[in-house]
Amino acid sequence: MAGEVIVDALPYIDHGYDDVGVRESALAMVEEECRRYRPTKNYLDHLPLPASSPFETPLMVNEFERIQNRLPMETLSMKRYELPPPPSGKLSEVSAWQESIENSMAQLEHQWVRSLNLELMLDYGTEAWKSYLEVFTAMQAKAQLQLQQLKKDIQDVNWQRKQAQTQAGERLRSLEAHWVLLVSKNYEIETECVELEKLVQAARQHLQSIVPPASANDTAPTPEHTNGFDQDDFAESNGSSSSNSEQPGEDGADADGDSKEEDKREDQEESSNEST
């Protein structure tokens, strides 16, 4: 997904949130996102409407219809709590008086029920209130236990998150130190390679300055063939080998001359013996 933001913050091991300029940088990022955000009329249009019909009562349905039609809310009727006489135009009608009598009887019944409730409250209200307080206290204790368990679960989650982030922080620091070590070694190796290349280049330049330029018919060995020996050293070594090769020839010539003189001497001795 293009532009996806991966949250990789580790608040238990990360530091620097209170440094100067961090808050301003965060606010600038929020403002930039607000400028790029394109608000819609209803950002929940892609979601289906919740099915609330199973929970609606007839009274709720009527009230929703009234709100949808923008009708005013009906005021509370206090007619049953009043004892109005028949209207002036209906004073001679028996039905109007009958309605007024029924209304008065309803009011009397309501007042009698109220007095009965007061008598019952005086007789049993204290015990009922005590029972209600006991139930309420039990509900409060149960709610406190649930709250403590919820706080404990939250504390466990926070502790697990802190432990995981601490272990991840140690691992990250170890990997970072290893990365720094490898980068340092690579830098040292690159530096040594550069120095060696400089030495090789200097040696090549030195050989080129020592070896004279070869002619077209010259078949003198190149520095690559002489394994780095100098041309003069190569010539001296060739001269010494040629002189050594001539010495055995001279020794051979002297040996031949001596053998001829000995033959002459033998011939003279033989001739002298024959004459005698």
* Asked: Does any pair with a residue in residues 152-188 pass ring-ring contact (aromatic ring centres under 6.0 Å, His included), and if so which ones, sequence neighbours excluded?
  -> none

* To do: Could you list who else is in Leu118's hydrophobic cluster, with ILVMFWY side chains joined at under 4.5 Å, directly or through other members?
  => Met121

* To do: If you link ILVMFWY side chains whenever their heavy atoms are less than 4.5 Å apart, which other residues fall into the same cluster as Val135? By chain and number, please.
  => Met139

* Among all residues two or more places apart in sequence or in another chain, which pass the side chain to side chain donor-acceptor pair (under 3.5 Å) test with Gln149? -> Asp153

* Which value, rounded to the nearest 0.5 Å, describes the distance between Ile67 atom CD1 and Met60 atom CE? -> 10.0 Å

* Can you pull the ring-ring contact (aromatic ring centres under 6.0 Å, His included) pairs that have at least one residue in residues 84-127, sequence neighbours excluded? -> Tyr81-His110

* **ring pair (Phe, Tyr, Trp, His ring centres under 6.0 Å) against Trp129, all qualifying residues, sequence neighbours excluded** => Tyr132

* Asked: Which pairs pass salt bridge (charged side-chain N to carboxylate O under 4.0 Å, His left out) with one or both residues in residues 124-138, sequence neighbours excluded?
  -> none

* Asked: How would you list, by chain and number, every residue that makes a side chain to side chain contact (heavy atoms under 4.5 Å, CB included) with Gln98, sequence neighbours excluded?
  -> Glu102

* By side chain to side chain donor-acceptor pair (under 3.5 Å) - contacts of Glu56 (at least two apart) -> Ser52

* CD of Glu74: more than 12 outside heavy atoms within 6.0 angstrom? -> no

* With Arg35, which residues qualify under salt bridge (charged side-chain N to carboxylate O under 4.0 Å, His left out), at least two apart? -> Glu32

* **Gap between atom CG of Asn158 and atom CD of Gln160 - 0.5 Å precision** => 9.5 Å

* To do: Name all pairs fulfilling the salt bridge (charged side-chain N to carboxylate O under 4.0 Å, His left out) condition that reach into residues 57-73, sequence neighbours left out, sorted by first residue then second.
  => Glu63-Arg66

* Going hydrophobic residue to hydrophobic residue with side-chain gaps under 4.5 angstrom, can you get from Val113 over to Leu120? -> yes

* Taking only residues two or more places apart in sequence or in another chain, which ones pass side chain to side chain donor-acceptor pair (under 3.5 Å) with Asp156? -> Lys152

